[in-house]
**Q** 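First, the structure itself, so that you have it in front of you.
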Amino acid sequence: VVGTIDISVQRKPEITISLDFSKVQALPSSNLPEFNNCFNLIEITASSDLLKIYKDLFKDCTTIKKVIIEKGTASIKDSAFANCINIQSIVLPVSIISIGSNAFSGCSGLTSITIPQNVIEIKNNAFLGCTHLYEIYNLSDLIFTCGSTNYGYIETPVFEASELFH
């Protein structure tokens, strides 16, 4: 989908979508389409023109399995992917500096994630309910602790692989 967003995507079988926001970048966030509760959306690639993934944009899209955010996006806002229970893979670009509250909360299918080196902020509960998140490849300077509410709340014991990359 380029320029305009086809909201009828909710009624079509298994859709892979690339979002090119280059033509809608000037719109205020209140005018952007919302895909929350969109069933059948399987894969998302967000273009580099999207400076931030807006609040609640994909909330409760339970069929999403893969998310690719291209370089250029700086932040993922609150609850952007909350309750997307089938997300297995998320690719975050080095341009990400902030991950909002509850951004990935309830993403119980997520098993690993790489936190890019430029991330300086992960807000409360960003990973709350990610009950299968066992591997965090942390390239940032943030320190993750299981059970701590700091940096997104990690519930399960994790293997933090930051020492492998420094």
Side-chain angles (χ1 to χ4, degrees), residues 1 5-7 9-21 29 32-48 50-116 118-119 121-140 142 144 146 149 151-162:
V1 179
I5 308 301
D6 180 6
I7 299 302
V9 72
Q10 296 182 25
R11 296 179 223 25
K12 297 179 182 175
E14 296 193 357
I15 293 176
T16 298
I17 190 166
S18 292
L19 302 175
D20 180 349
F21 281 85
S29 61
L32 284 174
E34 290 185 5
F35 291 92
N36 49 9
N37 289 307
C38 184
F39 305 105
N40 301 333
L41 191 56
I42 301 299
E43 182 176 320
I44 298 165
T45 301
S47 72
S48 60
L50 185 60
L51 300 178
K52 57 187 167 188
I53 306 292
Y54 288 94
K55 179 180 178 181
D56 297 332
L57 189 61
F58 297 103
K59 183 177 181 181
D60 298 319
C61 292
T62 57
T63 55
I64 296 173
K65 293 180 181 178
K66 184 176 183 180
V67 176
I68 300 169
I69 302 171
E70 294 182 354
K71 186 177 177 182
T73 302
S75 64
I76 300 170
K77 297 298 183 184
D78 299 350
S79 302
F81 294 98
N83 303 319
C84 294
I85 59 173
N86 287 306
I87 288 180
Q88 299 165 356
S89 173
I90 299 171
V91 178
L92 299 177
V94 302
S95 57
I96 292 284
I97 58 170
S98 175
I99 298 174
S101 297
N102 297 301
F104 299 104
S105 67
C107 293
S108 55
L110 186 61
T111 58
S112 69
I113 191 167
T114 299
I115 306 298
N118 294 326
V119 172
E121 175 183 53
I122 299 177
K123 292 187 177 177
N124 293 339
N125 300 324
F127 299 104
L128 179 69
C130 294
T131 53
H132 292 95
L133 182 57
Y134 295 115
E135 295 179 345
I136 296 176
Y137 298 94
N138 183 16
L139 306 179
S140 76
L142 302 177
F144 296 91
C146 182
T149 57
Y151 309 126
Y153 188 76
I154 306 298
E155 292 185 61
T156 54
V158 295
F159 167 70
E160 187 178 338
S162 61

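In this text the structure is predicted, and so the values were computed from the model without any measurement.
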**Q** Restricting to side chain to side chain donor-acceptor pair (under 3.5 Å), what partner residues turn up for Asn83, sequence neighbours left out?
**A** Asp60

**Q** Kindly list each side-chain donor-acceptor pair under 3.5 angstrom involving residues 94-113, sequence neighbours excluded, with atom names and distances?
**A**
residue: Ser95; atom: OG; partner: Gly72; partner atom: N; Å: 2.8
residue: Ser95; atom: OG; partner: Thr73; partner atom: N; Å: 3.3
residue: Ser95; atom: OG; partner: Thr73; partner atom: O; Å: 2.7
residue: Ser98; atom: OG; partner: Glu121; partner atom: OE1; Å: 2.9
residue: Ser105; atom: OG; partner: Asn102; partner atom: O; Å: 3.2

**Q** For Glu70, enumerate each residue passing the side chain to side chain contact (heavy atoms under 4.5 Å, CB included) test, keeping only those at least two apart in sequence or located in another chain.
**A**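 By the side chain to side chain contact (heavy atoms under 4.5 Å, CB included) rule, Glu70 matches Thr45, Ser47, Ser48.
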
**Q** I need the minimum non-hydrogen distance between Lys77 and Lys55, along with the two atoms involved.
**A** CB-N, 3.4 Å

**Q** Which atoms form the tightest heavy-atom contact between Pro116 and Ser140, and what is the distance?
**A**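 Between these two residues, the closest heavy atoms are O-CB, 3.5 Å.
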
**Q** Can you give each donor-acceptor pair under 3.5 Å made by side-chain atoms of residues 85-92, sequence neighbours left out, with the distance rounded to 0.1 Å?
**A**
residue: Asn86; atom: ND2; partner: Thr62; partner atom: O; Å: 2.5

**Q** To the nearest 0.5 Å, what is the distance between CD (Glu43) and NZ (Lys66)?
**A**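 With rounding to 0.5 Å, CD (Glu43) is 5.0 Å from NZ (Lys66).
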
**Q** From Ile53 CD1 over to Ile44 CD1, what is the distance, rounded to the nearest 0.5 angstrom?
**A**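 Ile53 atom CD1 to Ile44 atom CD1 measures 8.0 Å (nearest 0.5 Å).
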
**Q** Give, for atom OG of Ser75 and atom OH of Tyr54, the distance between the pair rounded to the nearest 0.5 Å.
**A** 8.5 Å

